[in-house]
Amino acid sequence: MRIGQGLEHSVRVGRKLLGAVSPLQDQLGGHYTKPLMQGFTAYDQGRADVMHGVNNVQTHLSRIRRQVPELEL
């Protein structure tokens, strides 16, 4: 869990940093901004996919616990 929190914090800081230096990047040509934004978009999609999977597993586990309490999960 700590790794995920550290990664999420790093991405949040990276977004803020990109927002702060974006005007400077635009003046210098802005060649790095687009790939960085694509990276953030890919991260967001991957994070959403993982969270969907986690929620799906939790839903199934809750259903199994409710329907088969003998397993003591």
Side-chain angles (χ1 to χ4, degrees):
M1 187 61 109
R2 288 184 182 178
I3 293 172
Q5 290 172 343
L7 180 61
E8 184 68 22
H9 175 73
S10 298
V11 169
R12 219 176 306 126
V13 170
R15 285 181 200 269
K16 287 182 178 181
L17 179 61
L18 182 61
V21 299
S22 210
L24 177 62
Q25 282 286 331
D26 291 342
Q27 287 178 350
L28 298 176
H31 302 292
Y32 302 106
T33 305
K34 186 175 179 181
L36 288 172
M37 290 306 295
Q38 290 172 338
F40 285 131
T41 301
Y43 170 81
D44 290 339
Q45 183 61 50
R47 183 181 185 281
D49 291 345
V50 168
M51 292 309 297
H52 176 71
V54 167
N55 291 336
N56 194 20
V57 168
Q58 288 175 337
T59 299
H60 288 298
L61 179 60
S62 294
R63 183 177 42 81
I64 291 169
R65 282 180 175 161
R66 192 174 53 252
Q67 292 180 356
V68 191
E70 297 84 8
L71 292 177
E72 298 179 9
L73 295 175

Trainee: What pairs meet the side chain to side chain donor-acceptor pair (under 3.5 Å) rule with one or both residues in residues 36-46, with sequence neighbours excluded?
Mentor: E8-Y43, R15-D44, Q45-D49
Trainee: If hydrophobic clusters are built from ILVMFWY residues whose side chains come within less than 4.5 Å, do F40 and V50 share one?
Mentor: no
Trainee: Nearest 0.5 Å please: distance from the CG atom of L7 over to the CZ atom of R47.
Mentor: 9.5 Å
Trainee: Roughly how far apart are S10 OG and L17 CG, rounded to 0.5 Å?
Mentor: 11.5 Å
Trainee: Could you list the donor-acceptor pairs under 3.5 angstrom formed between side-chain atoms of residues 57-69 and any protein atom two or more places apart in sequence or on another chain?
Mentor:
{"unit_1": "T59", "atom_1": "OG1", "unit_2": "N55", "atom_2": "O", "d": "2.9"}
{"unit_1": "H60", "atom_1": "ND1", "unit_2": "R63", "atom_2": "NH2", "d": "2.8"}
{"unit_1": "H60", "atom_1": "NE2", "unit_2": "N56", "atom_2": "OD1", "d": "3.1"}
{"unit_1": "S62", "atom_1": "OG", "unit_2": "Q58", "atom_2": "O", "d": "3.0"}
{"unit_1": "R65", "atom_1": "NE", "unit_2": "L73", "atom_2": "O", "d": "2.9"}

Trainee: Does V11 share a hydrophobic cluster with V21, counting links as ILVMFWY side-chain heavy atoms below 4.5 Å and allowing steps through other members?
Mentor: no
